[in-house]
Visitor: 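One structure follows; several queries about it will come next.
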Amino acid sequence: KAVPMRKIPFGLVTWGGVDLGIGYNFASTTLGVSSTDAITTIPFSASGQTGTYQPTGTLTLNYAAHLIPVEVSTNFSLLYFLSFAAGIAADFHILSSAEISANIDGKVKIDGQPQGSDYARFTQSESAKVTTVGFRAFFGPQINIWKIRVFSLLHVTGDKSYAATVGARFSW
């Protein structure tokens, strides 16, 4: 608590003060797709002959993120059981990265017949780093039931993307 809570006269509304929060999030995803069957059929014509290319291959995605969010928030409670929270945050991405790679190949067929060693191949890999610091604002309602807080937050980021969080907190 950076600023303590304050009750408004008659006890109907309570301002929760100003809270500072820091945390750590880790997320990791590995996705791989592989096909031994033709992914698609690409017709073409060359030198007066018609042909098709039916590639097979793999596509992989690896993503890892270490995130340290620093948040400043406040809330208002109405008759204790209903609250509304709002805040801003700076999300520090530490060692976060993503990599996508594709490996596609297949025989070329002319007039329906595979052509010996005529293959078309495509291999590509790309890596990217996440912006070091991202900014966001968040707001939403919370229902307070004894020691359980059920909440929903909408996040709006500095790069104009949106996210929603739904969860429960337990307090003692």
Visitor: Tell me whether Ile88 at atom CD1 has more than 12 heavy atoms from other residues, nucleotides or ligands lying less than 6.0 Å away.
Guide: no
Visitor: For a quick check under 3.5 Å, do Thr52 and Thr41 share a side-chain donor-acceptor pair by atom type?
Guide: no
Visitor: Would you tell me whether Asn62 and Thr30 have side-chain atoms, one donor and one acceptor, within less than 3.5 Å of each other?
Guide: yes
Visitor: Among the clusters formed by ILVMFWY side chains lying less than 4.5 Å apart, do Trp15 and Val72 turn up in the same one?
Guide: yes
Visitor: With rounding to the nearest 0.5 Å, note down the distance linking CZ in Phe84 to CZ in Phe76.
Guide: 11.5 Å
Visitor: I need the minimum non-hydrogen distance between Ala38 and Thr56, along with the two atoms involved.
Guide: N-CG2, 4.0 Å
Visitor: Heavy-atom distance under 4.5 Å between the side chains of Phe151 and Asn75, does that happen here?
Guide: no
Visitor: Return the minimal non-hydrogen interatomic distance between Gly57 and Ile104, and the atom names on each side.
Guide: CA-CD1, 4.1 Å
Visitor: Roughly how far apart are His93 NE2 and Asn25 CG, rounded to 0.5 Å?
Guide: 10.0 Å
Visitor: Are Ile22 and Phe26 grouped together when hydrophobic residues (ILVMFWY) are joined by side-chain heavy atoms under 4.5 angstrom apart?
Guide: yes
Visitor: Answer yes or no: is there a donor N or O on one side and an acceptor on the other, between the side chain of Ser47 and the main chain of Gln49, under 3.5 Å?
Guide: no
Visitor: Tell me yes or no: between the side chains of Thr165 and His155, is some donor less than 3.5 Å from an acceptor?
Guide: yes
Visitor: Quick one, Gln142 and Arg169 - any side-chain contact, counting heavy atoms below 4.5 Å?
Guide: yes
Visitor: Going by distance alone, is a donor N or O of one side chain under 3.5 Å from an acceptor N or O of the other, for Asp159 and Ser161?
Guide: yes
Visitor: Under 4.5 Å between side-chain heavy atoms, counting indirect links through other Ile/Leu/Val/Met/Phe/Trp/Tyr residues: same cluster for Phe81 and Met5 or not?
Guide: no
Visitor: Kindly determine whether Ile110 and Phe44 satisfy side-chain contact (heavy atoms from CB on, under 4.5 Å), including the steps that lead there.
Guide: CA-CA 9 Å; Ile110 303 291; Phe44 65 91; 4.0 Å; yes
Visitor: Got a second to check how far Thr132's OG1 is from Asp91's CG, nearest 0.5 Å?
Guide: 12.5 Å
Visitor: Given side chains that start at C-beta, do those of Tyr24 and Leu67 come closer than 4.5 Å, heavy atoms only?
Guide: no
Visitor: Quick test of your reading of the model: are Arg136 and Glu71 salt-bridged, counting only N-O distances below 4.0 Å?
Guide: yes
Visitor: Which pair of heavy atoms, one from Val108 and one from Tyr53, lies closest together, and at what distance?
Guide: CG2-CD1, 4.3 Å
Visitor: How about Ile143: does its CD1 atom have over 12 heavy atoms from other parts shown lying under 6.0 Å from it?
Guide: no
Visitor: When you measure from the side chain of Ser96 to the backbone of His66, do you find a donor-acceptor pair of N or O atoms at a distance under 3.5 Å?
Guide: yes
Visitor: Can a donor-acceptor pair be found, under 3.5 Å and without considering hydrogens, that links the side chain of Lys1 to the backbone of Leu20?
Guide: no
Visitor: Quick check: do Ile68 and Ile94 have side-chain heavy atoms less than 4.5 Å from each other?
Guide: yes
Visitor: On a heavy-atom basis, which atom in Gly17 and which in Thr74 lie closest, and how many Å separate them?
Guide: O-OG1, 2.6 Å
Visitor: Measure the CZ-CG distance between Phe138 and Leu153 for me, rounded to the nearest 0.5 Å.
Guide: 6.5 Å
Visitor: What are the two closest heavy atoms between Ala102 and Leu59, and how far apart are they?
Guide: CB-CD1, 4.0 Å
Visitor: Between Leu79 and Leu12, is any pair of side-chain heavy atoms under 4.5 Å apart?
Guide: yes
Visitor: Search all heavy atoms of Lys129 against all heavy atoms of Ser97 and return the closest pair with its distance.
Guide: NZ-CB, 4.0 Å
Visitor: Establish, yes or no, whether the cationic atom of Arg149 lies under 6.0 Å from the six-membered ring centre of Phe170 and within 45° of the ring axis.
Guide: no
Visitor: Given side chains that start at C-beta, do those of Asn144 and Leu82 come closer than 4.5 Å, heavy atoms only?
Guide: no
Visitor: When rounded to the nearest 0.5 angstrom, what distance separates CG in Leu78 from OG1 in Thr14?
Guide: 9.0 Å
Visitor: Go through Thr40 and Gln54 one step at a time and tell me if the side chain to side chain donor-acceptor pair (under 3.5 Å) criterion holds.
Guide: CA-CA 6 Å; Thr40 187; Gln54 295 178 314; over 6 Å; no
Visitor: Just by distance, no angles: are the side chains of Gln124 and Ser101 close enough, under 3.5 Å, to form a donor-acceptor pair?
Guide: no
